[in-house]
Amino acid sequence: MTIPVRQLKSHSGETVTVRGWLANKRRSGKIGFLQIRDGSGVVQTVISRADVSEEAWEEVKRATQESTVRVTGIARVDERAPGGVEIQATDFVVRSLTEDYPITKKEHGTAFLMEHRHLWLRSSRQRAALAVRSEVCQAIRDFYYERNFTLIDSPILTPTSCEGTSTLFATDYFGEQAYLSQSGQLYLEPACAAFGKVYCMGPTFRAEKSKTRRHLMEFWMVEPEVAFLDFEGAVRLAEEFVGYLAGRVLDRCADQLAVLERDVSKIEKVTGSFPRITYREAIEILQKEGKEIAFGDDFGGEDETILANAFDQPVFVTHFPVDMKAFYMQPDPEDSELSLAMDLLAPEGYGEIIGGSQRIHDHDLLLERLQQHELPIEPFQWYLDVRKYGSFPHSGFGMGIERFAAWMCGLGHLRETIPYPRMLYKIYP
RNA sequence: UCCUCGGUAGCUCAAUGGUAGAGCAAUCGGCUGUUAACCGAUUGGUUGGGGGUUCAAGUCCCUCCCGAGGAGCCA
């Protein structure tokens, strides 16, 4: 009977068949140790020449790294085996022989591995990171499902820029210019009036020529948007959300975090409420650290790291100057020069993982802001309609899934947290 | 777009301006408990492309291409 490697421990003593790919082989004249990966896990198979036919032993000699193989034998618990269970083989066959597999057991540079991303996916660290990503995505779905949010997928092909600033990927739309979406938020706001609590999760595109470990041209973002939720509510939702996701990763990805050699104590600190500082306080902290930064300046990557390192937990920075942020953000009722905006900075230098705000619900103020930003009114008419027909206060935020996953995994670069990263000038494979 | 560093065997890297090398991989042989197994042997090169300086260039100069890191911008 074919058994997934993951379930082998519960079949100890039984004769089982495993099929998969040969991850590694060590062989002497009379005994072989084969690490076989089947997608659910990796198991060591022990083959003694005396126990198998001459044909099967020839197959052991012939088998190369990443050949497709099938082994039959007795599963047994043995502490000498990686993973604690192994198969004592009675038969072994190569189903498809691999020759000249590019990724060897020794070290490779990232550039080489990225050229072979389709094969690199098979390696243990990559499988661990992508499994964490998968768990994060599932946890996101569960979080919003359990709280009665409705999934509203926003369009990827859009007629205009959402915020008017970022560089977009342009494409031809039957003779008209269309752009790949850089945010689903504007399309979520009308849906709030239909469903109250909504979210979207999908790919987002930025054509900026960024070339750093914190950037991808194509990345995934989850964006909740809630009717009648004020700024304080949005901060609390973000806090609860991040805490929930971190808890899920700790609960269900212990094996992956071990492979990634992640210091889980850093993630275990992510509980309860997160510290909050205002933008003004953040500037003061940076100035005390000797940074030359003034009120009104944006944070650089180094600034974010300084701020984040001042706390164990993720830290909210709130109340940014109005003209630093997007046109739709609600001004602070106590100081109209500030907006009810927040960024959440992850610890350990992982940077901004969440950005959000309360949205302007007053029609005339939003119109004024569009004009101030020199944005055309006509393409945003539908967006203004949200404020025209039964306006309501509402708030939301967006979280970058790769940045969150990179933080959980302790990876220095976003590219390993997405199966096929799209980076500056790099779109292969 | 700008700044910095880099490109030598399939991979990771050495090589004062003076004969292009090692480890791993591959191939062959040996080894009954290996953990990136180990041991021996063999194979493997238009030194990213083009131009220049020089008796002589992997090495110095110019230029282009490609890669890595960072800045700006952002999630």
Side-chain angles (χ1 to χ4, degrees), chain A residues 23-35 42 44-51 57 60-62 64-66 78-84 86 88 98-116 119 123-125 162-163 165-168 182-185 201 203-223 238 297-305 324-326 342-346 350-356 397-407 412-415 417-418 423-426 428:
Chain A
N24 199 4
K25 177 174 85 171
R26 288 178 286 274
R27 180 177 69 84
S28 70
K30 291 176 182 168
I31 189 168
F33 300 92
L34 283 63
Q35 316 298 327
V42 180
Q44 171 162 286
T45 294
V46 185
I47 302 188
S48 291
R49 188 172 188 176
D51 293 352
W57 185 252
V60 170
K61 284 163 71 176
R62 185 170 81 101
T64 53
Q65 188 192 355
E66 290 304 325
D78 189 317
E79 62 183 23
R80 289 173 296 184
E86 65 182 17
Q88 182 72 44
T98 287
E99 292 180 272
D100 301 323
Y101 188 68
I103 299 177
T104 64
K105 290 181 280 187
K106 284 282 180 172
E107 50 198 306
H108 298 282
T110 312
F112 175 83
L113 290 166
M114 271 300 167
E115 276 293 302
H116 299 84
L119 303 176
S123 67
S124 59
R125 283 180 62 86
C162 283
E163 302 181 9
T165 50
S166 296
T167 317
L168 304 180
Q182 58 155 348
S183 165
Q185 179 211 317
M201 184 159 92
T204 301
F205 306 88
R206 303 279 166 91
E208 269 145 13
K209 294 188 175 175
S210 297
K211 188 177 163 58
T212 81
R213 65 183 74 201
R214 289 200 286 263
H215 290 90
L216 296 169
M217 302 298 110
E218 178 181 314
F219 65 98
W220 281 61
M221 190 153 67
V222 52
E223 296 171 274
D297 292 343
D298 233 321
F299 304 134
E302 193 189 351
D303 300 324
E304 284 184 354
T305 303
M324 275 179 62
K325 289 288 180 179
M342 53 129 155
D343 285 355
L344 182 65
L345 304 181
Y350 285 94
E352 185 186 340
I353 52 171
I354 279 181
F397 59 84
M399 187 187 83
I401 289 171
E402 290 77 16
R403 282 193 184 174
F404 184 84
W407 170 39
H413 203 302
L414 293 192
R415 64 191 160 201
T417 63
I418 187 167
M423 294 179 293
L424 190 59
Y425 307 129
K426 281 170 68 77
Y428 177 91

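Chain naming here is simple, since letters A, B, ... match the order of the sequence lines and numbering starts at 1 in each.
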Open item on the list: Categorize Gly32(A) for me: base, sugar-phosphate, or nothing, with a 4.0 angstrom heavy-atom threshold over every strand shown.
Closed with: nothing
TODO: Scan Thr104(A) against the nucleic acid and name what it touches under 4.0 Å (heavy atoms): base, sugar-phosphate only, or nothing.
DONE: sugar-phosphate
Task: Sugar-phosphate only, base, or nothing, as touched by Phe112(A) at under 4.0 Å among non-hydrogen atoms - done: sugar-phosphate
TODO: Name the nucleic acid region contacted by Ile354(A), choosing base, sugar-phosphate or nothing; use a 4.0 angstrom heavy-atom cut-off, strictly under.
DONE: sugar-phosphate
TODO: For Leu216(A), answer base if it contacts any base atom (sugar-phosphate contacts may also be present), sugar-phosphate if it contacts only those atoms, and nothing otherwise; contact means non-hydrogen atoms under 4.0 Å.
DONE: base
Open item on the list: Once you apply a heavy-atom cut-off of 4.0 Å, does His215(A) come out as touching a base, just sugar-phosphate, or nothing?
Closed with: base
TODO: Would you indicate, yes or no, if G69(B) has its OP1 or OP2 atom less than 4.0 angstrom from a side-chain nitrogen or oxygen of Arg415(A)?
DONE: yes
TODO: Could you check whether Tyr101(A) gets within reach of a base, just the sugar-phosphate, or nothing at all, counting any heavy atom under 4.0 Å?
DONE: nothing
TODO: Give the nucleotide from the list A68(B), C73(B), A75(B) with an atom nearest to the side chain of Arg206(A).
DONE: A75(B)
Open item on the list: By the 4.0 Å heavy-atom rule, please label Lys211(A) as base, sugar-phosphate, or nothing.
Closed with: base
Open item on the list: So Asp100(A), base contact, sugar-phosphate only, or nothing? Heavy-atom distance under 4.0 Å.
Closed with: nothing
Open item on the list: When the C1' atoms of U1(B) and U16(B) are compared, how many Å lie between them, rounded to an integer?
Closed with: 39 Å
- [ ] Pick base, sugar-phosphate or nothing for Glu79(A), based on heavy-atom distances below 4.0 Å to the nucleic acid.
- [x] nothing
- [ ] Pick base, sugar-phosphate or nothing for His116(A), based on heavy-atom distances below 4.0 Å to the nucleic acid.
- [x] nothing
Task: Any Tyr425(A) side-chain N or O less than 4.0 Å from OP1/OP2 of U1(B) - done: yes
- [ ] Using a 4.0 Å cut-off on protein heavy atoms (strictly under), produce a 5'-to-3' string for nucleotides 27-34 of chain B with B for base contact, S for backbone-only sugar-phosphate contact, and - for none.
- [x] ----BBBB
Open item on the list: Is the shortest side-chain heavy-atom distance between His413(A) and Thr110(A) below 4.5 Å?
Closed with: no
- [ ] Ignoring the backbone of Ala111(A), work out which of A75(B), A68(B), U1(B) is nearest its side chain.
- [x] A68(B)
Task: Bracket string, RNA chain B, 5' to 3' - pairs by Watson-Crick or G-U geometry under 3.5 Å, | interstrand - done: (((((((..((((....[..)))).(((((.......))))).....(((((..]....))))))))))))....
Open item on the list: Apply side-chain contact (heavy atoms from CB on, under 4.5 Å) to residues Met423(A) and Leu216(A) and explain how you reach the verdict.
Closed with: CA-CA 5 Å; Met423(A) 294 179 293; Leu216(A) 296 169; 3.9 Å; yes
